[in-house]
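Below is one structure, written out as structure tokens, with a few remarks after it.
Naming: A, B, ... by sequence-line order, numbering from 1 per chain.
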Number of protein chains: 2
Amino acid sequence: MADHAADGPADDGGGAGDASRPVTIAYIAESAGVSVPTVSKVINGKSGVSADTRARVEELVNRYGYRKPGASHRNNVVELVFRELKDMWAVEIIRGVERVARRHRVGVMVSEFGLHDTPAPHWDDTVSRRPSCVLSVAQLSEAERAQLKAKGIPFVVFDPTTELPDDVPFVGATNWSGGRAATRHLTELGHRRIAMISGPEDVLCCAARLDGYRSAMQAAGLPADPDLVVHAPLTREDGCAAARSLLARPDRPTAIFAANDLQALGVYQAAREAGLRIPDDLSVVGFDDLPVVAWVDPPLTTVHQPLTEMAVAATELALTLGRGEEAPQVGLELATTLTVRSSTAPPPATDARGH
Amino acid sequence: MADHAADGPADDGGGAGDASRPVTIAYIAESAGVSVPTVSKVINGKSGVSADTRARVEELVNRYGYRKPGASHRNNVVELVFRELKDMWAVEIIRGVERVARRHRVGVMVSEFGLHDTPAPHWDDTVSRRPSCVLSVAQLSEAERAQLKAKGIPFVVFDPTTELPDDVPFVGATNWSGGRAATRHLTELGHRRIAMISGPEDVLCCAARLDGYRSAMQAAGLPADPDLVVHAPLTREDGCAAARSLLARPDRPTAIFAANDLQALGVYQAAREAGLRIPDDLSVVGFDDLPVVAWVDPPLTTVHQPLTEMAVAATELALTLGRGEEAPQVGLELATTLTVRSSTAPPPATDARGH
DNA sequence: CTGAAAGCGCTTACAG
DNA sequence: CTGAAAGCGCTTACAG
């Protein structure tokens, strides 16, 4: 027969023995085969313990997830993590999170990590604050997700930019439908040469918006001209550059659908430079509905992304998971809606078929 | 001689007995003339204590600032408090605060209170989280300041909107100089009829900007025409309404200086409605330098307010005070700078004197 | 380096 | 409602 390999300290083969009553230093001491005072010394980083003993005790402290009695297991805090805090996005999200958190009497801790793939140095600070839950705007690496899982801290990904495993909770927007609605609005106005400035190909929401565009083009019986699709980073400058190249063509499009509002504002500038009037000579549609786009001239037709509502839903979900409850669903997409303003109109008469 | 009025429990006349060793429930019990278990019950909100006794014990617990042993006296957190989170302002500030806090390995807790004067219900939550310091965007009421002082939590007011007592730490911007620089820019271009849309009269920064305007007008030898100064809330809509009334006059101004960028964007719309071109027919200057104003057409000339730097300075100050150190100065104003873009030009030839 | 012993601050039955 | 007594989890000298 095999020997009794799993005849460990107190728990059965399972692992971190979480369910039972709280771990005490007496329990750690027994497991480590040392006295209570020795464990106390290790925990408080006092001297007078051999490196050997210290290592063994530390290992058990980690394994059993020991916490001092006062240190409440959970801080009443949701950690709201951004990759970049600069977008106009951020306020809308923070507001939504704050509103829900306040109602639950939970604090909102905001932190910004870089765009770099390397784990940010203060990620450990975030984790060690033992928040009720983490709400991450954009990605969490696999390692980060694993770390949170190990510590029992639930998390929700806000508007994920890449494909995630099925069990990762997320809240997003209906990007495909939004792209489709934006494009259909243009086809219904009579446009036939509709260009799309899409975002980076590996960003999920951009891929969805682009596919929505393609779907609407096809539904309108319009050819899928690959020349009408260009990719550019989601900034105003890059949107402008992309629009310049589109508008310089002899068979220039009569409408441009940009992957986000910033790019759309870049299109405005390119149009001005080219002496084209919006919407008379060129229709423009954006995506996001940032507050500012209602104030530019002409006010931008765009796909409204319900950022605040998404933040509310994400926070509710995160807090539910933080309470250890089961959530009705772990992933959801909130509906986008087309907001028609003044940057879209039928195409100029020379190009129009319908009018 | 006077009688021994201050012969209280253990401390001398001083007050909340902070310096000595930590307050225990035994000490509270002795002071209250009850047993240790009774105090324990009160603290943990258990039943089995008369209302009378409970009240007396609670009073002492508050007075001596009793804390459970585990609950560390200071959380490594700066509480960033907004009245309203919606402005584009907010992100810039949060970024600055976050950057500094991260370097000090301190968390940033963001909360939003209403505009109402009544103390927000979650203000107590904020205080009871025992942050290292509080950074308040806009006002703190006298009561709120007193509460923080009583708890020994230092605070800094960001961009104060009303006059504060001398000992209240604050960080602001040089609003008067900014208003002066904006107006001088217009007088130097040759404008003589320069209007100002100022903010509410009781908002300190607006009063300073208005005085800067007046000072520059006087320096340029221009008459102080009270008709050229109107007051309006700091929103785009109100700025637009104010501009409409200014532009409807027979002797309409050739330049408008708005108290903030939002108002200036309102002026843009009023100008469009009136068929006036900017800057050919009307010069416009704003205040704040929000990211968006570089993207509108034409890009707005405005007074740059170094929000991020202000946030950085305010956080450094707050954390310094939080460490119990003396700060070199408790109040400071950071310099504004005029950013000249394309919304300003010499006045139209018919009105100009110089050209 | 280690742990038996004393002690501290708090809580939990439980007797009055 | 109140508090003496027992107990818990942890830390602090201190003897080996």
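Closest contact between the side chain of A/Pro37 and the listed nucleotides C/dA4, D/dC10, C/dT2 involves C/dA4. Among the nucleotides D/dT12, C/dC1, D/dA4, the one closest to the side chain of A/Ser50 is C/dC1.
Taking side-chain N and O atoms only, B/Thr38 has a distance below 4.0 Å to OP1 or OP2 of D/dG3. Contact annotation: B/Asn44 side-chain N/O to C/dT11 OP1/OP2 distance is under 4.0 Å. Distances shown here put a side-chain N or O of A/Ser35 below 4.0 Å from the OP1 or OP2 atom of C/dG3. Residue A/Thr53 places at least one side-chain N or O under 4.0 Å from the OP1 or OP2 atom of C/dT2. Put simply, A/Ser40 has no side-chain N or O that comes within less than 4.0 Å of OP1 or OP2 on D/dG9.
When rounded to the nearest whole Å, the span between CD1 of A/Ile43 and P of D/dG9 equals 13 Å. Between the C1' atom of D/dC10 and the NZ atom of B/Lys68 lies a distance of 16 Å, rounded to the nearest Å. Atom NZ of A/Lys46 is separated from atom P of D/dT11 by 8 Å (rounded to the nearest Å). C/dT2 atom C1' lies 13 Å from atom CG of A/Asp52, rounded to whole Å. The separation between B/Ile25 atom CD1 and C/dG9 atom P is 10 Å, rounded to whole Å. Remark: C1' of D/dC10 and CD1 of A/Ile28 are 13 Å apart, rounded to the nearest angstrom. Rounded to a whole Å, the CD atom of B/Glu30 is 14 Å from the P atom of C/dC10.
There is no side-chain donor-acceptor pair under 3.5 Å between B/Glu325 and B/Thr320.
Shown here, D/dA4 forms no base pair; nothing in the strands shown gives a Watson-Crick or G-U wobble contact with both key distances under 3.5 Å. Across the strands present, C/dA13 finds no partner; the criterion is a Watson-Crick or G-U wobble pair with both atom distances under 3.5 angstrom.
Within 4.0 Å of A/Val39, counting heavy atoms only, lies no atom of the nucleic acid at all.
Heavy-atom minimum distance, B/Val49 versus B/Lys41: CG2-CB, 3.7 Å.
Formation of a donor-acceptor pair under 3.5 Å by the B/Ser132 side chain with backbone atoms of B/Val77 is found in this model. When atom types are taken as modelled, the side chain of B/Glu98 and the backbone of A/Glu112 share a donor-acceptor pair closer than 3.5 angstrom. Side-chain atoms of B/Arg99 do not come within 3.5 Å of backbone N or O of B/Val312 as any donor-acceptor pair.
Mapped onto DNA chain C by nearest heavy atom, B/Lys41 and B/Tyr66 fall at different nucleotides, with B/Tyr66 at the one closer to the 5' end.
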